[in-house]
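Written below as structure tokens is the structure these notes are about.
Counting convention: from 1, in listed order, for ligands and their atoms alike.
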Amino acid sequence: MASCGAGDAASAQPRASISHVIFDMDGLLLDTEGFYTEVQEKILARYDKVFDWSLKAKMMGKKAAESARIFVDECGLNGLLTPEQFLEERESMLQALFPSCTKLPGVLRLVHHLHANGVPMAVATGSHKRHFALKTQNHQEMFSLMHHVVMGDDPEVKAGKPSPDIFLAAMRRFEGGVEPSKCLVFEDAPSGVAAAKNAGMSVVMVPDPRLDVSYHKGADQVLSSLLDFKPAEWGLPAFKE
Ligand SMILES: O=P(O)(O)OC[C@H](O)CO
Ligand SMILES: [Mg+2]
């Protein structure tokens, strides 16, 4: 899969006139979603249940408390496990895994390219501060190129994705003022794509191939990898190949 949607050629009219970029983090910049899956599979196995991608699609991108509630409800674990117990059980396993996370393909090339061309960038992640620190400890150079980071436990983020709160907060923190229509969001999760659209922004989705294609709707463009992203299609400076 290369890309879908109208206007593939970089030489054609751009899809939008983008000036600012907002990246999701988990599953988009950093390869951390597999850790959540692994740990949640382990917990569910104790109840003789299987973790599948329809549940994953509902949980990913959300704040921890929101995804924990979904996990307990959808798996029929009420009375057996509370959302708080679920979060506590997965915590030590996640803490051990997060520091080893790697960047996803094409991330560094794109971030360096946008930085070199003066395109302001931010991160908007449902992750809270403690997990953010563990995940990013080996990726400081890349995150130093971001103008700012907004996390799920930020006071301005009243509700998690698909609420537009986090993307609107990220937009407001850029200097000089910017309109949603000038912001391009990169996301992997259905809730994140919906959040970006609810904020009035354009969104490129880079989903895990195991996510059902029915979850792709809503995205302005779907790519199998950031390596396939063509900045000029969005009015951004082209890569010099
Ligand atoms: O995808 P993010 O960066 O919003 O993170 C959300 C959760 O921490 C993981 O699904
Ligand atoms: Mg994500």
For [X], the ligand 1 atoms whose distance to one of its heavy atoms is below 4.0 Å:
X: Glu33; answer: 9 (C), 10 (O)
X: Met25; answer: 3 (O)
X: Thr125; answer: 2 (P), 3 (O), 4 (O), 5 (O)
X: Tyr36; answer: 8 (O), 9 (C)
X: Lys135; answer: 8 (O)
X: Met60; answer: 10 (O)
X: Ser127; answer: 5 (O), 8 (O)

Check: [X] ring centre within less than 6.0 Å of [Y] ring centre:
X: Tyr36; Y: Phe71; result: no
X: His115; Y: His112; result: no
X: Phe239; Y: Phe229; result: no
X: Phe143; Y: Phe132; result: yes

Quiz item: To the nearest 0.1 Å, how far is atom 5 (O) of ligand 1 from its closest protein heavy atom, and which atom is that?
Solution: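 Nearest neighbour among protein heavy atoms for atom 5 (O) of ligand 1, to 0.1 Å: Asp26 OD2, 2.8 Å.
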Quiz item: Any idea which protein heavy atom is nearest atom 1 (O) of ligand 1, and the distance to it?
Solution: Asp24 OD1, 2.8 Å
Carboxylate-amine/guanidinium proximity below 4.0 Å for [X] and [Y]:
X: Asp73; Y: Arg69; result: yes
X: Glu91; Y: Arg130; result: yes
X: Glu156; Y: Arg173; result: yes
X: Lys161; Y: Asp24; result: yes

Specify which N/O/S atom of [X] comes nearest to the Mg ion (ligand 2), by atom name.
X: Asp26; value: O
X: Asp188; value: OD1
X: Asp24; value: OD2

Quiz item: Relative to atom 6 (C) of ligand 1, which among Ala124, Gly61, Ala64 owns the nearest non-hydrogen atom?
Solution: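 Heavy atom nearest to atom 6 (C) of ligand 1 belongs to Gly61.
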Self-check item: Cluster link Leu134 to Met142, ILVMFWY, side chain under 4.5 Å
Solution: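 No.
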Quiz item: Does Met59 come within less than 4.0 Å of ligand 1, judged by its heavy atoms?
Solution: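 The answer is no: ligand 1 sits nowhere under 4.0 Å from a heavy atom of Met59.
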Quiz item: For residues His131 and Gln95, is any side-chain donor paired with an opposing acceptor at under 3.5 Å?
Solution: no
Quiz item: Under a 4.0 Å heavy-atom limit, does Lys62 contact ligand 1 with its side chain, its backbone, both, or neither?
Solution: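 It is the backbone that touches ligand 1; the side chain stays farther off.
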